[in-house]
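Report on the following structure.
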Amino acid sequence: MSGPAWRPELASSIMFRHDGVRGTDLLVMPEKVVVLNDQAAAVIRLCDGSRTVTEIVGELSARFPTAPVADDVPAFLHRVRREGWLR
């Protein structure tokens with residue numbers, strides 16, 4: 001499924017972790033580690049399979065009212081899904 005009704009969640013082989021020493025959020029994969037910036041981490045943190053894309057956009061729009069969330073978040077989610085990090 002794709003689009004606003006899709007409920008993104010991390011792929012089973014990927015873990016979201018916070019590195020307290022470096023103060024960064026990470027996606028830990030079998031073959032690599034991806035360091036997330038604050039914006040990407042805010043989005044990925046909401047990808048637990050319980051929220052639709054529309055709900056994720058709504059939550060982030062409320063938190064960051066001046067950011068272009070409605071355009072950027074769905075595009076980011078689809079790009080990350082193409083990488084195989086979300087299902």
Side-chain angles (χ1 to χ4, degrees):
M1 175 176 284
S2 178
W6 171 42
R7 294 178 182 271
E9 63 183 316
L10 287 176
S12 59
S13 62
I14 298 178
M15 295 180 291
F16 180 82
R17 294 284 184 257
H18 180 74
D19 182 341
V21 173
R22 293 178 186 85
T24 60
D25 291 308
L26 311 168
L27 287 181
V28 180
M29 303 171 206
E31 69 281 357
K32 65 181 172 180
V33 174
V34 175
V35 178
L36 300 171
N37 66 27
D38 291 342
Q39 295 86 357
V43 176
I44 294 294
R45 198 173 282 116
L46 298 176
C47 294
D48 59 5
S50 71
R51 298 170 183 89
T52 65
V53 172
T54 301
E55 291 167 334
I56 291 170
V57 167
E59 283 190 44
L60 293 170
S61 292
R63 276 196 243 165
F64 309 104
T66 62
V69 172
D71 293 327
D72 291 354
V73 169
F76 171 74
L77 290 172
H78 289 289
R79 187 169 59 248
V80 172
R81 186 182 201 185
R82 280 193 306 272
E83 290 288 334
W85 303 348
L86 293 176
R87 55 181 172 172

Practice task
Could you check Leu27 against Ile44 for side-chain contact (heavy atoms from CB on, under 4.5 Å), going step by step and ending with a plain yes or no?
Solution key: CA-CA 9 Å; Leu27 287 181; Ile44 294 294; 3.9 Å; yes

**Request:** Using modelled atom types only, decide if a donor and an acceptor are shared between the side chain of Arg87 and the backbone of Ala11 within a distance under 3.5 Å.
**Result:** no

message = For the backbone of Gly23 and the side chain of His18, can you confirm whether one donor and one acceptor N or O come within less than 3.5 Å of each other?
response = no

Sequence neighbours excluded and cut-off under 3.5 Å, please list the side-chain donor-acceptor pairs for residues 56-73, or say none.
residue	atom	partner	partner atom	Å
Glu59	OE2	Arg51	NE	2.6
Ser61	OG	Val57	O	2.8

Can you measure from [atom1] ([X]) to [atom2] ([Y]) and round to the nearest 0.5 angstrom?
{"X": "Thr52", "Y": "Arg7", "atom1": "OG1", "atom2": "CZ", "answer": "5.5 Å"}
{"X": "Leu86", "Y": "Ile14", "atom1": "CG", "atom2": "CD1", "answer": "7.5 Å"}
{"X": "Leu10", "Y": "Phe16", "atom1": "CG", "atom2": "CZ", "answer": "8.0 Å"}
{"X": "Met29", "Y": "Leu26", "atom1": "CE", "atom2": "CG", "answer": "10.0 Å"}

Side-chain donor-acceptor pairs of residues 30-40 under 3.5 Å, sequence neighbours excluded:
residue	atom	partner	partner atom	Å
Asn37	OD1	Gln39	N	3.1
Asn37	OD1	Ala40	N	2.7

For the residue pair Asp48 and Glu9, what are the closest heavy atoms and their distance?
->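 Minimum heavy-atom separation between Asp48 and Glu9: C-CB, 3.8 Å.
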
inquiry  = Applying side-chain contact (heavy atoms from CB on, under 4.5 Å) to Leu77 and Trp6, what does each step give before you reach the verdict?
reply    = CA-CA 10 Å; Leu77 290 172; Trp6 171 42; 3.8 Å; yes

